[in-house]
Amino acid sequence: MPSFNTAILLFFATAAVRFSLALEISDNPQNTLSTNGGYWGGSYRLTEEDCAEASSRQPEVTVDCYYDWDQTQNQNFLNYVVRIFDVGISHDKQKDWAHDIALQAYQNTYYADCPGTPSNIAVKGINDWPEGTSSGLDLNLHLTGWPAGNDFKKFKNWREGTVPETSTPYEALSYVWGAPSTAHGITIASLPLPITANCDAALRRLRYNSQDRVLWVDSICIDQTPEGVEERNAQVAMMGNIYENASDVLIWLGEGDENTDALFMHLNSLYELRDDSWEDTRAEMNARFMSESQNVPQTIEDVLSRPWFERMWTLQELLLSSHATVRCGGQSMSWDAFCQALMLVEASFAPSSKGSRNFINCYYAYSDFTEVVAVNAGVELARTADNDGSKVPKDLSTVVHHTRIRHATDPKDKIFAIFGISQKLGKPLPNPDYTKSVCMVYARATVEIMRQDNSLWPLDNVWSENRRADLPSWVPDWSDDLRWSEDFLSDLGALPVNHGDRETVNHWDGLVEHRDPEILMSSDHSQLILKAQTYGTIDTVFDSDALGAAQRDVLAMPRTSTEHALAMRRHGAEQIQYFRRIYASLDTRRDVQSWLHAFCRLLLTCSPTQPLRSFERGSEDLLSLLTASEGLATRQVLTTYALDKLSKAANSNQRQGAIVHLVESDVDAALDVLLSLNLDCGSHEVFAKPHEPGYQVVHLLASATGFYHLIRGLLINRSIFTTSNGLIGYAYGQVHAGDDIVMFQGATSPHVVHVAESNTYRVLSPAVVKAGYEISTLVGGRNWTDIVLV
């Protein structure tokens with residue numbers, strides 16, 4: 001394997017020790033430092049609570065820590081020596097305290113944060129002193145991976161919980177590993193280490209010709225072998241500090257070409273002219289660049305679609321950086337300049353494009369995190385048109401929300417990759433531990449998010465189409481997110497997702513009791529106990545099996561194929577048929593108008609900014625259109641209009657014989673063609689004069705088309721249901737008659753739960769419910785009861 005000799009020095013970080021003993025420290029002035037090691041001693045006093053069972057005066061405790069280098073074993077070691085001096089305390093009590101103090105010192109300083117793996121932990125023995133005088137315990141720790149020798153100052157910084165100091169500033173590389181490679185390697189201390197092609201390309205681009213450059217690169221500086229899991233646990237817990245204290249975080253997007261080179265040079269020029277006084281000059285520069293360069297929007301899309309914008313780890317590396325530089329091939333610019341310059345490019349982008357989605361998500365994650373940190377630091381945010389001061393991001397939940405569309409090869413990294421962010425927010429997640437199962441990692445993180453943010457927001461994310469089967473129902477599958485399939489779902493009627501959304505939209509109309517959730521979890525993390533009120537029981541679920549099958553057919557076909565076009569038309573016919581069944585069912589109920597009004601308000605949640613009255617008009621016209629289409633004459637008119645529209649479709653797949661036959665034989669397929677806006681038919685419009693048979697149909701089409709476009713996405717991956725007490729709503733996935741609608745204490749919207757065995761419940765989905773009456777009456781007089789979720 002060819003080696004890669006480079007003028008790059010690799011900075012190997014070491015862990016920060018946090019002494020969290022409940023003791024008062026008085027530094028020993030006799031600290032010494034030798035060539036091969038060092039000594040640190042401290043005098044402590046136990047707290048009053050710890051001494052409650054002791055004598056009237058507080059016993060004195062000393063903790064001595066010897067740090068040295070064992071040349072024969074070629075490894076570092078620590079000795080903790082604990083002594084308790086007090087008259088009147090039993091010998092056994094002294095031994096217990098000595099053991100507990102030493103063990104606590106080890107666990108709080110090295111067990112979670114140690115840069116190396118303890119190869120041996122041995123209690124060297126307890127020296128027995130005369131009864132009532134003193135007792136001691138010697139805890140000997142052998143640690144691998146520590147820096148050897150004389151940097152005792154660094155050790156003292158660890159003990160005080162500060163960041164390790166290094167005499168040489170370093171930069172940290174932020175990049176995507178890419179596929180494993182046997183053709184690329186780097187030589188360290190005369191030993192070869194394989195690296196990926198992307199890492200190789202980054203190092204070659206970043207090295208200086210005539211001087212050293214100090215870099216931290218995770219794939220090189222962390223033991224990635226299966227045997228190095230404990231070191232990896234410790235290093236991953238340090239990643240936040242590593243990137244936060246780097247002099248610069250180098251964002252490597254990959255190699256470039258002449259188009260990306262031209263784009264970055266243009267962006268740098270735009271940034272230099274960012275002031276408003278240069279607006280006219282910028283406009284001329286943009287116009288010239290667009291005319292002289294090839295397909296600038298596509299080049300921007302290609303840059304923003306690169307894997308760096310989609311990976312989990314890169315988000316933390318960006319958010320915690322004090323300064324970040326974007327590098328693409330031989331071109332570079334600061335992250336702030338990159339963002340501002342992209343805003344100044346006068347080019348249009350599809351809001352649902354991969355590049356736009358990536359950048360919007362990244363931009364808002366960065367913005368929200370900056371705001372949260374500023375608020376936590378006591379900085380008052382400026383109020384702008386977009387920020388009235390009432391929408392401060394919800395800390396940990398907000399960060400997790402922004403990570404949902406990001407990928408991780410190891411599903412555990414969906415949590416571990418934001419550990420440093422959680423520490424910066426002052427709401428730390430559990431320490432990374434790759435020896436734990438995905439189920440355990442996700443369950444612990446879910447409960448911690450609930451407790452740290454005092455919110456049940458995770459329960460709003462429990463449903464996902466490809467959910468792992470091994471998770472408790474109340475634990476979201478943090479590795480899966482529905483929004484990644486929106487490119488396909490948009491064809492089926494889903495409106496584009498705003499990836500800058502800061503929180504889940506709440507459509508609950510009832511009162512919310514502002515109580516903090518009482519969260520109890522079983523010791524094995526399999527059960528969660530919450531207080532809840534039951535608001536209703538589902539009595540009817542509108543069958544969507546045929547619609548679901550049609551959706552799967554669409555997603556299974558290549559998007560440019562004739563089979564996909566036919567599957568789309570069949571799916572549209574099933575959508576119309578589904579609305580028919582709902583309207584027909586509501587028409588048989590008492591107080592029909594109240595039910596129709598509630599259903600309309602449920603549909604309005606798809607586009608909540610629309611005026612209610614215009615929505616009601618659209619719903620009424622769609623119902624009238626469905627009713628009219630049951631007549632033979634109207635069906636013939638609709639079929640004729642639909643075939644005429646298909647004949648003008650630019651895509652020949654829409655004119656295939658199978659689709660023509662479907663429209664001729666199924667009026668619901670004809671209606672879907674006429675109501676769909678995703679058929680490229682030029683400026684096709686349907687006209688009819690007042691005396692012609694189709695006049696009424698044409699009038700209804702004009703109103704119903706916009707309404708149908710907004711609401712047909714409601715049916716994707718959702719079940720619509722009614723309850724025995726007059727609610728109508730929807731939930732994600734499959735729900736069944738007999739399932740309960742509950743409101744958990746501390747939640748802002750209801751959820752659907754299913755009775756499991758032994759008086760336990762499974763959470764199926766958050767629910768949106770509406771009623772034809774004042775829904776707040778559901779809350780009054782109901783008792784809170786404990787519900788055990790499994």
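Sequential numbering from 1 along the given sequence is applied to the chain's residues. The figures that follow rest on heavy atoms only: side chains count, while hydrogens, waters and symmetry mates do not.
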Between [X] and [Y], is any pair of side-chain heavy atoms under 4.5 Å apart?
X      : Y      : result
Leu215 : Leu203 : yes
Phe289 : Ser269 : no
Thr260 : Thr299 : yes
Trp308 : Cys362 : yes
Trp478 : Pro411 : no
Glu171 : Val249 : no
Met312 : Ile418 : yes
Leu267 : Val345 : yes

Distance-minimising heavy-atom pair for [X] and [Y]:
X      : Y      : result
Val400 : Thr403 : O-OG1, 2.7 Å
Arg207 : Arg204 : CG-O, 3.5 Å
Thr370 : Tyr366 : OG1-O, 2.7 Å
Leu206 : Arg213 : O-NH1, 2.6 Å
Ala365 : Leu315 : CB-CD1, 3.9 Å
Lys436 : Val441 : CB-CG2, 4.1 Å

Quick check for you: to the nearest 0.5 Å, what is the distance between [X] atom [atom1] and [Y] atom [atom2]?
X      : Y      : atom1 : atom2 : value
Thr187 : Leu191 : OG1   : CG    : 8.5 Å
Thr398 : Asp368 : OG1   : CG    : 6.0 Å
Thr435 : Arg232 : OG1   : CZ    : 10.5 Å
Ser293 : Gln298 : OG    : CD    : 14.0 Å
Arg468 : Cys439 : CZ    : SG    : 8.0 Å
Ile360 : Leu304 : CD1   : CG    : 10.0 Å

Main-chain N/O of [Y] paired to [X] side chain as donor or acceptor, under 3.5 Å:
X      : Y      : result
Asn198 : Trp177 : no
Asn361 : His402 : yes
Asp453 : Ile449 : no
Thr196 : Cys199 : yes
Asn233 : Tyr434 : yes
Glu301 : Gly355 : yes
Ser367 : Tyr363 : no
Arg559 : His564 : no
Tyr243 : Leu173 : yes
Asp248 : Leu250 : no

(Q) Working note: Leu253 + Val303, criterion side chain to side chain contact (heavy atoms under 4.5 Å, CB included); need CA distance, chi angles, decisive distance, verdict. (A) CA-CA 8 Å; Leu253 300 182; Val303 169; 3.9 Å; yes
Any salt bridge between [X] and [Y], counting N to O under 4.0 Å?
X      : Y      : result
Lys427 : Asp395 : yes
Lys424 : Glu244 : yes
Lys412 : Asp410 : no
Arg306 : Asp302 : no

Q: With Glu310 as reference, evaluate Arg357, Arg404, Arg406, Lys354 under the salt bridge (Lys or Arg N to Asp or Glu O under 4.0 Å) test and give the passing residue.
A: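 Exactly one candidate clears the test, Lys354.
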**Q.** Worked check of side chain to side chain contact (heavy atoms under 4.5 Å, CB included) between Val176 and Trp252
**A.** CA-CA 8 Å; Val176 175; Trp252 172 250; over 6 Å; no
Q.
Is the distance between the ring centroids of Trp313 and Phe416 under 6.0 Å?
A.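 So the answer is no for these two rings.
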Q: Give the C-alpha distance, both sets of side-chain angles, the deciding distance and a yes or no for side-chain hydrogen bond (donor to acceptor under 3.5 Å, both in side chains) between His266 and Asn286.
A: CA-CA 8 Å; His266 179 65; Asn286 270 321; 2.9 Å; yes
Q: Dump the intermediate steps for side-chain hydrogen bond (donor to acceptor under 3.5 Å, both in side chains) on Ser219 and Tyr175, then the final yes or no.
A: CA-CA 10 Å; Ser219 63; Tyr175 73 113; 2.6 Å; yes
Quiz: residues 332-343 side-chain donor-acceptor pairs under 3.5 angstrom, not counting sequence neighbours:
unit_1, atom_1, unit_2, atom_2, d
Ser334, OG, Ala337, N, 3.1

Q | side-chain hydrogen bond (donor to acceptor under 3.5 Å, both in side chains) against Thr225, all qualifying residues, sequence neighbours excluded | A |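 Thr225: side-chain hydrogen bond (donor to acceptor under 3.5 Å, both in side chains) contacts with Asp223, Glu227.
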Q) Is it the case that more than 12 heavy atoms not belonging to Glu255 sit under 6.0 Å from its CD atom? A)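 It does: Glu255 CD has more than 12 such atoms within range.
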Q: Check the pair Phe264 / Cys328 against side chain to side chain contact (heavy atoms under 4.5 Å, CB included), numbers first and verdict last.
A: CA-CA 8 Å; Phe264 269 78; Cys328 182; 3.6 Å; yes
Q | Distance-only side-chain donor-acceptor flag, Tyr442 / Ser437, under 3.5 Å | A |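 Distance-only check fails for Tyr442 and Ser437.
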Q: Begin with the C-alpha distance, continue with both residues' side-chain angles, and end with the deciding distance and a verdict on side chain to side chain contact (heavy atoms under 4.5 Å, CB included) for Leu396 and Leu429.
A: CA-CA 9 Å; Leu396 202 52; Leu429 291 169; 3.9 Å; yes
